[in-house]
Amino acid sequence: MAKVNVLFVCMGNICRSPTAEGVFAQRLIEEGLENLVGVDSAGTHAYHVGEPPDPRSQSTASNRGISLQHLKARKAVAKDFERFDYVLAMDRDNIHGLEKICPTGLEHKLHLFLSYASNLETDEVPDPYYGGPTGFDRVFDMIEDASNGLLQDIQLRHL
């Protein structure tokens with residue numbers, strides 16, 4: 001069975017997408033699927049390449065039993081569309097940035113991450129960077145919801 005690969009993308013790859021990577025990786029471990037599904041994250045901009053996730057993201061994740069310390073920001077590239085089965089953007093701005101680098105014929109891999117959520121009234125994960133700590137908690141909750149839906153989709157379609 002071929003490995004299914006998932007890429008989470010936000011603007012700088014220091015808040016939303018590394019949180020999604022950490023949350024989804026933890027869900028895979030809980031389900032015993034970490035060897036069948038790969039996970040990574042990237043940003044549409046190179047503002048923070050090589051940097052760890054925002055300390056507030058790390059703190060929020062740590063408070064919920066997930067470590068993001070090993071992650072480093074990187075910029076999304078066109079080759080990601082060849083490597084990943086799911087390229088999941090946190091908001092429409094990121095979708096537009098990814099559309100610009102997406103090779104022809106691979107557009108079907110690109111979606112808004114919250115399209116997999118079941119209990120939310122929005123389809124975009126807000127950027128918590130300029131907000132307070134409660135914004136990071138809200139983002140984490142949204143990511144947990146969408147991660148559960150994404151996991152169900154992968155199990156249904158690929159496993």
- Message: Looking at S118, is its backbone amide N or carbonyl O close enough to the side chain of D145 to form a donor-acceptor pair, meaning the two atoms are under 3.5 Å apart?
- Response: yes

- Do you know the tightest heavy-atom contact between K75 and A42? C-CB, 4.1 Å

- Item | With D141 via side chain to side chain donor-acceptor pair (under 3.5 Å) - residues at least two apart | R64

- Message: Please find the pair of heavy atoms, one from A89 and one from I95, that lie closest to each other, and give the distance.
- Response: CB-CG1, 3.6 Å

- Query: Which atom pair, heavy atoms only, marks the closest approach of P18 to L71?
  - Reply: O-CD1, 3.6 Å

- Polar side-chain atom of D80 near backbone of V77 as donor-acceptor pair, under 3.5 Å: yes

- Task: To the nearest 0.5 Å, tell me how far E99 CD sits from T44 OG1.
- Result: 12.0 Å

- Task: To the nearest 0.5 Å, tell me how far M90 CE sits from N13 CG.
- Result: 9.5 Å

- Task: Using atom types as modelled and distance alone, determine if a side-chain donor or acceptor of Q58 lies under 3.5 Å from a backbone N or O of P53.
- Result: yes

- Item | Within one Ile-Leu-Val-Met-Phe-Trp-Tyr cluster: L68 and V23, side-chain cutoff 4.5 Å | yes

- Message: With a 6.0 Å cut-off (strictly less than), is the heavy-atom count around CZ of R74, excluding the residue itself, greater than 12?
- Response: yes

- Message: For the residue pair D123 / S115, report whether a side-chain donor-acceptor contact shorter than 3.5 Å exists.
- Response: no

- Message: The test is side chain to side chain contact (heavy atoms under 4.5 Å, CB included); show your working for F113 and M142 and say whether it passes.
- Response: CA-CA 10 Å; F113 179 42; M142 297 171 97; over 6 Å; no

- Task: Please report the C-alpha distance between D91 and D127 in whole Å, then the side-chain angles of each, then the deciding distance to 0.1 Å, and finally whether the side chain to side chain contact (heavy atoms under 4.5 Å, CB included) criterion is met.
- Result: CA-CA 9 Å; D91 60 34; D127 190 344; 5.5 Å; no

- Query: Rounded to the nearest 0.5 Å, how far apart are CE of M11 and OH of Y47?
  - Reply: 6.0 Å

- Note, L150 side chain near F8 side chain (heavy atom, < 4.5 Å): yes

- Got a donor-acceptor contact below 3.5 angstrom from the K3 side chain to the G38 backbone? no

- Message: In this structure, would L33 and I66 fall into the same cluster of hydrophobic residues linked by side-chain contacts under 4.5 Å?
- Response: yes

- Message: Given 3.5 Å as the limit, does a donor-acceptor pair link the side chain of E124 with the main chain of R92, or not?
- Response: yes

- Query: Any chain of hydrophobic side-chain contacts (each under 4.5 Å) joining L112 to Y86?
  - Reply: no

- Message: I'd like to know if the side chain of R16 reaches the main chain of V125, judged simply by a donor and an acceptor atom lying under 3.5 Å from each other, with no hydrogens or angles considered.
- Response: yes

- Query: So how far is it from H111 NE2 to L98 CG, rounded to the nearest 0.5 Å?
  - Reply: 12.0 Å

- Note on the structure: dist D137:CG -> T60:OG1 (nearest 0.5 Å) comes out at 5.0 Å

- Item | Side-chain (N63) to main-chain (S59) donor-acceptor, under 3.5 angstrom | yes

- Task: Establish, for the pair R56 and Y129, whether the NZ or CZ atom is under 6.0 angstrom from the six-membered ring centre and no further than 45 degrees off its axis.
- Result: yes

- Message: Which heavy atom of S57 sits nearest to which heavy atom of F136, and what is that distance?
- Response: OG-CE2, 3.3 Å

- Could you state whether V87 and V4 fall into the same hydrophobic cluster, counting links through intermediate Ile, Leu, Val, Met, Phe, Trp or Tyr residues with side-chain heavy atoms under 4.5 angstrom apart? no

- Take L110 and F81, measure what side chain to side chain contact (heavy atoms under 4.5 Å, CB included) needs, and give me the verdict at the end. CA-CA 8 Å; L110 181 58; F81 285 91; 4.2 Å; yes

- Kindly give the heavy-atom pair with the smallest separation between C10 and S17, and that separation in Å. SG-OG, 3.1 Å

- Mind checking the CD-OG spacing from E21 to S147? Nearest 0.5 Å is all I need. 11.0 Å

- Joint cluster assignment, I143 & L114, ILVMFWY side-chain distance < 4.5 Å: yes

- Task: Begin with the C-alpha distance, continue with both residues' side-chain angles, and end with the deciding distance and a verdict on side chain to side chain contact (heavy atoms under 4.5 Å, CB included) for N148 and R27.
- Result: CA-CA 8 Å; N148 290 331; R27 288 291 294 123; 2.7 Å; yes

- Query: If only atom types and distance count, is the side chain of D85 paired as donor or acceptor with the main-chain N or O of N5 below 3.5 Å?
  - Reply: yes

- Using a cut-off of 6.0 Å, state whether more than 12 heavy atoms not belonging to Q69 lie near its atom CD. no

- Task: Of all the heavy-atom pairs spanning R83 and D40, show the shortest one and how long it is.
- Result: NH1-OD2, 3.8 Å

